[in-house]
Amino acid sequence: MTAGQGSGGERKYQRIANELKAAITAGEYRPGDRLPGENELMTTYQVARMTARQALSVLRSEGIAEARKGAGVFVRTFRPLRRRGIQRLAQSQWGSGRSVWSSDLDEDRELVVDSITVTEKETPSHIADVLGIGSGDRVCVRSRRFVLDGKPVLLSTSYFSASLVTGSAIAREDSGAGGVYARLAELGHAPARFREEIRSRMPSAAEAQDLRLPSGTPVFLVCRTAFTEDGAAVEVNEMVLDAGSYILEYEFDA
């Protein structure tokens, strides 16, 4: 058995973290409750301070707990969003004037766009390839940050061929009821199919700052492409999600 390991090869800090997570799941510690501190864990488990610190760090990095300066480590009070990847994009959603984001929320919560910019610029090469336009052509870029319960949870940047959307509501900050997909339908380019690619990584410094992420929190990268009935790509949406704030749900028939 190597130093720092318990029975079965499990490291001591992992065992402590697992026991704390089990206690949270069982309701022994509720959202907002203070967890045992380093000194308490050292005494209870007869471990070094570094081991106790690592155990608490596991809970913070997984988004289960948060540190409050001078007060300790507390069970996180934020309720994750359940992002329903298929239902949210149904035409019955945006076609009836509802936002695709509204399907992610319980009735008592509201997802707020606290900053939005709409610009036109030269097309990045990887976007040009997907949209099937020249690298010298222009794109309309919609960049937004979404906030839930006072916490930033999502950064979203959408790209459209400028020749397709210039002069429409898509090129304005308020795209209207049903959002950009309803507007694309009015332009004769209704989305008929979507593709989403999902990856995860650690955030860049700018992303961590914009999303106010605790150290060690990863992000989901979701890249969605919207296609018309004839297979033309009309939007590329690159999203950065706080992984501690989302559950990605995909439900479909066999």
Side-chain angles (χ1 to χ4, degrees), residues 14 17 21 24-25 31 57-67 75-90 93-94 98-106 109-117 124-127 129-131 139 141-160 179-181 191 193-227 233-252:
Q14 291 174 327
K21 285 190 281 187
I24 292 170
T25 301
S57 179
V58 169
L59 271 64
R60 294 199 305 272
S61 67
E62 293 182 6
I64 297 170
E66 57 186 0
V75 180
R76 195 176 183 189
T77 58
F78 185 86
R79 287 182 290 155
L81 288 85
R82 189 170 294 274
R83 184 182 188 272
R84 298 171 174 88
I86 295 176
Q87 296 92 326
R88 68 200 307 273
L89 294 173
Q93 179 77 10
W94 49 265
R98 296 193 300 271
S99 163
V100 297
W101 313 99
S102 64
S103 66
D104 300 339
L105 301 171
D106 300 326
R109 309 177 85 186
E110 183 180 8
L111 193 63
V112 176
V113 179
D114 81 331
S115 63
I116 179 169
T117 60
S125 58
H126 71 290
I127 299 297
D129 291 342
V130 179
L131 291 179
V139 282
V141 184
R142 296 177 59 86
S143 299
R144 292 145 290 167
R145 184 174 76 165
F146 291 81
V147 175
L148 182 69
D149 299 342
K151 184 194 181 306
V153 294
L154 167 69
L155 307 175
S156 173
T157 303
S158 294
Y159 300 87
F160 307 84
V180 295
Y181 296 145
R193 179 172 62 88
F194 297 94
R195 179 182 66 212
E196 286 195 342
E197 300 173 346
I198 301 173
R199 296 184 292 126
S200 64
R201 61 163 168 76
M202 299 308 295
S204 67
E207 290 165 348
Q209 180 176 1
D210 287 344
L211 290 172
R212 301 178 196 162
L213 296 177
S215 177
T217 304
V219 292
F220 292 127
L221 306 179
V222 180
C223 180
R224 181 172 67 237
T225 306
F227 298 91
V234 287
E235 181 218 26
V236 177
N237 188 349
E238 296 182 325
M239 292 163 275
V240 181
L241 289 67
D242 171 9
S245 296
Y246 276 91
I247 297 171
L248 306 185
E249 177 184 294
Y250 293 88
E251 180 179 347
F252 43 86

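Residue numbers start at 1 and run along the sequence shown.
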Open item on the list: Within this structure, what is the CG-CG distance for the pair Leu248 and Leu241, rounded to the nearest 0.5 Å?
Closed with: 7.0 Å

Task: side-chain contact (heavy atoms from CB on, under 4.5 Å) against Pro191, all qualifying residues, sequence neighbours excluded - done: Trp94, Tyr181, Leu184, Phe194, Ala226

TODO: Report yes if the side chains of Leu131 and Val139 come closer than 4.5 Å at any heavy-atom pair, otherwise no.
DONE: yes

Open item on the list: Within the 4.5 Å heavy-atom criterion, are Leu211 and Val240 side-chain neighbours or not?
Closed with: yes

Open item on the list: Distance check, rounded to the nearest 0.5 Å: Leu154 atom CG versus Leu111 atom CG?
Closed with: 7.0 Å

- [ ] Not counting sequence neighbours, list each pair that qualifies as a salt bridge (Lys or Arg N to Asp or Glu O under 4.0 Å) and has a residue in residues 150-160.
- [x] Lys151-Asp242

Task: Any side-chain heavy-atom pair of Val222 and Asn237 under 4.5 Å - done: no

Open item on the list: When you measure from the side chain of Thr25 to the backbone of Lys21, do you find a donor-acceptor pair of N or O atoms at a distance under 3.5 Å?
Closed with: yes

Task: Test item: Leu213 and Val219 side chains (from C-beta on) under 4.5 Å apart, heavy atoms - done: yes

- [ ] Please name all residues satisfying ring pair (Phe, Tyr, Trp, His ring centres under 6.0 Å) with Tyr246, sequence neighbours left out, ordered by chain then number.
- [x] none

Open item on the list: Using 0.5 Å steps for rounding, measure from the CD1 atom of Ile24 to the CZ atom of Arg76.
Closed with: 12.0 Å

Open item on the list: Which residues pass the salt bridge (charged side-chain N to carboxylate O under 4.0 Å, His left out) test with Glu197, not counting sequence neighbours?
Closed with: Arg195

- [ ] Not counting sequence neighbours, which residues clear ring pair (Phe, Tyr, Trp, His ring centres under 6.0 Å) with Phe220? List them please.
- [x] none

Open item on the list: Could you work out, with salt bridge (charged side-chain N to carboxylate O under 4.0 Å, His left out) as the rule, every residue matching Glu196, not counting sequence neighbours?
Closed with: Arg83, Arg224

Task: Minimal non-hydrogen separation, Tyr250 against Gly85, with atom names - done: CE2-CA, 3.7 Å

Task: Summary of salt bridge (Lys or Arg N to Asp or Glu O under 4.0 Å) pairs that have at least one residue in residues 203-220, sequence neighbours excluded - done: Arg201-Glu207

- [ ] Could you tell me which residues satisfy salt bridge (charged side-chain N to carboxylate O under 4.0 Å, His left out) with Arg144, sequence neighbours excluded, listed by chain and number?
- [x] none

Open item on the list: If the condition is side-chain contact (heavy atoms from CB on, under 4.5 Å), which residues does Ile247 pass it with, not counting sequence neighbours?
Closed with: Pro80, Arg82

TODO: Check whether any side-chain heavy atom of Glu251 sits under 4.5 Å from a side-chain heavy atom of Gln87, and report yes or no.
DONE: yes

TODO: Could you tell me which residues satisfy side chain to side chain donor-acceptor pair (under 3.5 Å) with Glu238, sequence neighbours excluded, listed by chain and number?
DONE: His126

Open item on the list: Which residues pass the side-chain contact (heavy atoms from CB on, under 4.5 Å) test with Ser143, not counting sequence neighbours?
Closed with: Thr117, Val141, Thr157

